[in-house]
Participant: 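Let me begin by handing over the structure; questions about it come next.
One is the number of the first residue; the rest follow in order along the sequence. Given the structure is predicted, the values throughout are model-derived calculations rather than measurements.
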Amino acid sequence: MDGSSQADALTIAIETLTARFPGQLTTGRGLRDEHAQGDSWHLPAAPDAVFFAESGEEVSALLTLCNDLRLPVIPFGAGSCIEAQVQAHRGGISLDLTRMDEILAVRTEDMDCTVQCGVTRQQLNADLRATGLFFPVDLGAQATLGGMAATRASGTTTVKYGSMKDLVLSMTVVLPDGEIIKTGARSRKSSAGYDLTRLLIGSEGTLGVITELTLRLFGQPDCAQAAMCSFDTIDAATRMVVEALQMGVGLNRIELADQLQMQAINAYAGSDWPEKATLFLDLTGSEPAVAYDLTILEELARENGALRFDKAETRDAYGAIWRIRHSALYASRSLRPGAKGISTDVCVPISRLPECIHEIGKVVKESRIVAPLVGHVGDGNFHLVLLCDPEDEEEFTRAKAVNETLIKMAIAMEGTSTGEHGVGLGKKDYMALEHGGALKLMRTIKRAVDPNDIMNPGKIFDL
């Protein structure tokens, strides 16, 4: 659609939506700017308008109208995405789903629940506390569950519970033409037809809008034990990760921070942990099992040359360890106030993790970029936060080159360019390298479901 045609379509859409849904659409610059970027290092791109949906039927009405007008729609949750998924780089309407925040049903006997897409994981777990159940995907962000499904999110507990693709049983989805469908069932398994639920999980708003989700829940563990252990080298720390996973201990989390990241954490939090490569460990289960597995981990740490092994002796100490870990991104950014952080998120097979971290460490050193490392290493996923001045073109180019080298390295090791942040605009250039001929099938699916290319156009790949 050319510029004048889209402007005409936008005028019609604004007039129609304003008349039908008073107070739910705005063209004000302030709210448009709030929906222009998310938590991304990519350039902001504001939508032409923002529509606040309050029901699945309203989402359907919006998409029906925009599909008829060939007007882009960009779904928006909490705006915590990293790779420009919410940027309206082709204009159009930002569809804000945060008002759809009802917990519709909790079925304790089946250990599942149904929620609207705008519910956050923190909100859900607060509501579940009295039931003895919880939802385990543990991100650093205050993300909505719809957005988490759309980006196939994971987090610190993936090593035990899996990611969103493992925990969503069914969804209600509005297709680009406004049709409302339900995918999957509440049963724990099914062999009936194509798995549309998993097709739509990770589609980043390019195939439709997720409005409701039915999620698996889990019992709160009887016992939880956390520990931190530090090593002289990051190679020793990653070697212990591989050995711990091979031993089959009941790990809930196993996280890694390098020496620079620990320096950042101490400066940010006023703590005095050893500024060495550090593993954050979390075990859950029955009290005897946790105690036994903790002795195994302590022995593994000693065999790999750990300098110290600090166990959380109280509930407060347990919480403090994980608050430290969750502050890592903000601590990283504080190393260079005013700098932008290009956050990488490759994932490789566990056996290749030590090699991948070792090799990219050499690249970072040569680049002279400040780049602390932190990772969900229990599933082979880690992040570098490449801190650079976006106004310094030469430094920004060096930082992007490190990111590209790491992505190609991970793919060569039979890994992926993105373990949890998604593709958006930031990883789009690497999809052909990662997927080869399968990218053609993705385009075929996109054209079949969204022939007018209104749903988050230009994200993941170009048509």
Side-chain angles (χ1 to χ4, degrees), residues 1-2 40 42 45 63 66-67 70-75 81-92 147 149-154 163-166 168 171 173-179 181 183-184 191-210 344-349 352 380-381 400 403-463:
M1 185 187 294
D2 61 38
S40 168
H42 302 277
L63 293 193
C66 290
N67 191 54
R70 311 298 195 263
L71 190 64
V73 176
I74 306 93
C81 56
I82 300 292
E83 295 294 356
Q85 283 92 342
V86 299
Q87 266 85 326
H89 67 298
R90 296 185 186 177
T151 54
R152 202 185 307 146
S154 55
S163 68
M164 288 299 288
K165 74 176 177 62
D166 305 298
V168 178
M171 301 191 298
V173 178
V174 184
L175 297 178
D177 63 0
E179 181 181 1
I181 65 167
T183 71
S191 298
Y194 294 171
D195 191 342
L196 297 180
T197 301
R198 281 179 173 77
L199 172 63
L200 289 157
I201 291 174
S203 60
E204 300 185 21
T206 62
L207 297 178
V209 179
I210 300 165
T344 73
D345 71 318
V346 299
C347 189
V348 296
R352 305 298 297 272
N381 178 208
K400 289 193 293 184
N403 185 28
E404 180 169 335
T405 299
L406 176 58
I407 289 169
K408 291 180 177 179
M409 186 183 295
I411 293 172
M413 292 181 180
E414 300 181 273
T416 178
S417 60
T418 171
E420 58 184 21
H421 294 165
V423 180
L425 296 176
K427 302 289 176 66
K428 187 168 73 169
D429 291 345
Y430 308 104
M431 289 300 97
L433 177 64
E434 182 166 339
H435 296 290
L439 193 58
K440 180 181 178 182
L441 178 58
M442 294 185 198
R443 290 194 173 103
T444 299
I445 293 168
K446 167 72 171 173
R447 290 190 180 101
V449 176
D450 183 20
N452 294 323
D453 194 21
I454 69 159
M455 294 304 310
N456 217 0
K459 308 295 170 60
I460 304 182
F461 47 78
D462 290 318
L463 294 178

Participant: Can you run down the salt bridge (charged side-chain N to carboxylate O under 4.0 Å, His left out) pairs that involve residues 433-444, sequence neighbours left out, and say none if there aren't any?
Facilitator: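 For residues 433-444: none.
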Participant: If you compare all heavy atoms of Ile460 against all heavy atoms of Ser203, which two are closest, and at what distance to 0.1 Å?
Facilitator: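 Minimum heavy-atom contact is CD1-O, 3.5 Å.
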Participant: Kindly give the heavy-atom pair with the smallest separation between Pro72 and Pro457, and that separation in Å.
Facilitator: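 Distance-wise, the nearest heavy atoms are CB-CG, 3.9 Å.
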Participant: Could you walk me through whether Met455 and Val209 satisfy the side-chain contact (heavy atoms from CB on, under 4.5 Å) test, starting with their C-alpha distance in whole Å, then the side-chain angles of each, then the deciding distance to 0.1 Å, before giving a yes or no?
Facilitator: CA-CA 9 Å; Met455 294 304 310; Val209 179; 3.7 Å; yes
Participant: Would you call Ile181 and Leu175 a side-chain contact if the rule is heavy atoms closer than 4.5 Å?
Facilitator: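 When only atoms from C-beta onward are counted, Leu175 and Ile181 do touch, with a gap below 4.5 Å.
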Participant: Once side-chain hydrogen bond (donor to acceptor under 3.5 Å, both in side chains) is applied, do any residues pair with Thr418, and if so which ones, sequence neighbours excluded?
Facilitator: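 Scan of Thr418 (side-chain hydrogen bond (donor to acceptor under 3.5 Å, both in side chains), adjacent residues dropped) gives Asp345.
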Participant: How far apart are the closest heavy atoms of Asn381 and Gly419, and which atoms are they?
Facilitator: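 Distance-wise, the nearest heavy atoms are ND2-CA, 4.1 Å.
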Participant: Could you give me the CA-CA distance, side-chain angles and deciding distance for Asp462 and Arg90, then say whether salt bridge (Lys or Arg N to Asp or Glu O under 4.0 Å) is met?
Facilitator: CA-CA 12 Å; Asp462 290 318; Arg90 296 185 186 177; 3.7 Å; yes
Participant: Does the pair Asp166 and Arg152 meet the rule for a salt bridge (Lys or Arg N to Asp or Glu O under 4.0 Å), with working shown?
Facilitator: CA-CA 9 Å; Asp166 305 298; Arg152 202 185 307 146; over 6 Å; no
Participant: Would you say the side-chain atoms of Thr183 and Thr197 include a donor-acceptor pair closer than 3.5 Å?
Facilitator: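 A donor-acceptor contact under 3.5 Å links the two side chains.
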Participant: Can you find a heavy atom in the side chain of Leu63 that is under 4.5 Å from one in the side chain of Pro176?
Facilitator: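 They are not in side-chain contact.
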Participant: Find out whether Val423 and Glu204 are in side-chain contact, i.e. whether some heavy atom of one side chain is under 4.5 Å from a heavy atom of the other.
Facilitator: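 SC-SC contact between Val423 and Glu204 confirmed.
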Participant: Would you confirm whether Asp450, through its side chain, and Ile454, through its main-chain N or O, come within 3.5 Å as a donor-acceptor pair?
Facilitator: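 Yes; judged by distance alone, with no hydrogens or angles, the pair exists.
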Participant: Residues two or more places apart in sequence or in another chain: which of them pass side-chain contact (heavy atoms from CB on, under 4.5 Å) with Leu425?
Facilitator: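 Applying side-chain contact (heavy atoms from CB on, under 4.5 Å) to Leu425 gives Ala84, His89, Lys428, Lys459.
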Participant: Could you give the distance from NE2 (His421) to NZ (Lys427), rounded to the nearest 0.5 Å?
Facilitator: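 Separation between the atoms: 7.0 Å.
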Participant: Say you draw a straight line from OH of Tyr430 to OG1 of Thr416; how long is it, rounded to the nearest 0.5 Å?
Facilitator: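 So the gap between those two atoms works out to 13.0 Å.
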Participant: Spell out, as yes or no, whether a donor-acceptor pair under 3.5 Å connects the side chain of Arg198 to the backbone of Lys165.
Facilitator: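 Present.
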Participant: Taking atom CG of Leu207 and atom CG of Leu200, what is their separation to the nearest 0.5 Å?
Facilitator: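 If I round to the nearest 0.5 Å, the distance is 6.0 Å.
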Participant: Which pairs count as salt bridge (charged side-chain N to carboxylate O under 4.0 Å, His left out) when at least one residue sits in residues 407-419, sequence neighbours excluded?
Facilitator: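 Counting only pairs at least two positions apart or across chains, the salt bridge (charged side-chain N to carboxylate O under 4.0 Å, His left out) contacts touching residues 407-419 are Glu404-Lys408.
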Participant: List the residues meeting side-chain hydrogen bond (donor to acceptor under 3.5 Å, both in side chains) with Thr151, not counting sequence neighbours, and say none if there are none.
Facilitator: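 In terms of side-chain hydrogen bond (donor to acceptor under 3.5 Å, both in side chains), with neighbours along the sequence ignored, Thr151 is linked to no residue.
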Participant: Please name all residues satisfying side-chain hydrogen bond (donor to acceptor under 3.5 Å, both in side chains) with His42, sequence neighbours left out, ordered by chain then number.
Facilitator: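 Here the qualifying residues are Glu83.
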Participant: Using side-chain contact (heavy atoms from CB on, under 4.5 Å), reason through Met164 and Ser154 one step at a time and then give a plain yes or no.
Facilitator: CA-CA 6 Å; Met164 288 299 288; Ser154 55; over 6 Å; no
Participant: Take Tyr194 and Leu199 through the side-chain contact (heavy atoms from CB on, under 4.5 Å) test and state the conclusion after the steps.
Facilitator: CA-CA 9 Å; Tyr194 294 171; Leu199 172 63; over 6 Å; no
Participant: Which atom pair, heavy atoms only, marks the closest approach of Ala149 to Ile210?
Facilitator: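 Distance-wise, the nearest heavy atoms are CB-CD1, 3.9 Å.
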Participant: As a quick check of understanding, evaluate side-chain contact (heavy atoms from CB on, under 4.5 Å) for Val73 and Asn456, giving each step before the final call.
Facilitator: CA-CA 6 Å; Val73 176; Asn456 217 0; over 6 Å; no
Participant: Where do Asp177 and Asn67 land on the side chain to side chain donor-acceptor pair (under 3.5 Å) test, with the steps shown first?
Facilitator: CA-CA 6 Å; Asp177 63 0; Asn67 191 54; 5.9 Å; no
Participant: Is the side chain of Arg447 donor-acceptor paired with the backbone N or O of Leu463 at a distance under 3.5 Å, no angle test?
Facilitator: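 Yes, Arg447 side chain to Leu463 backbone: donor-acceptor pair under 3.5 Å.
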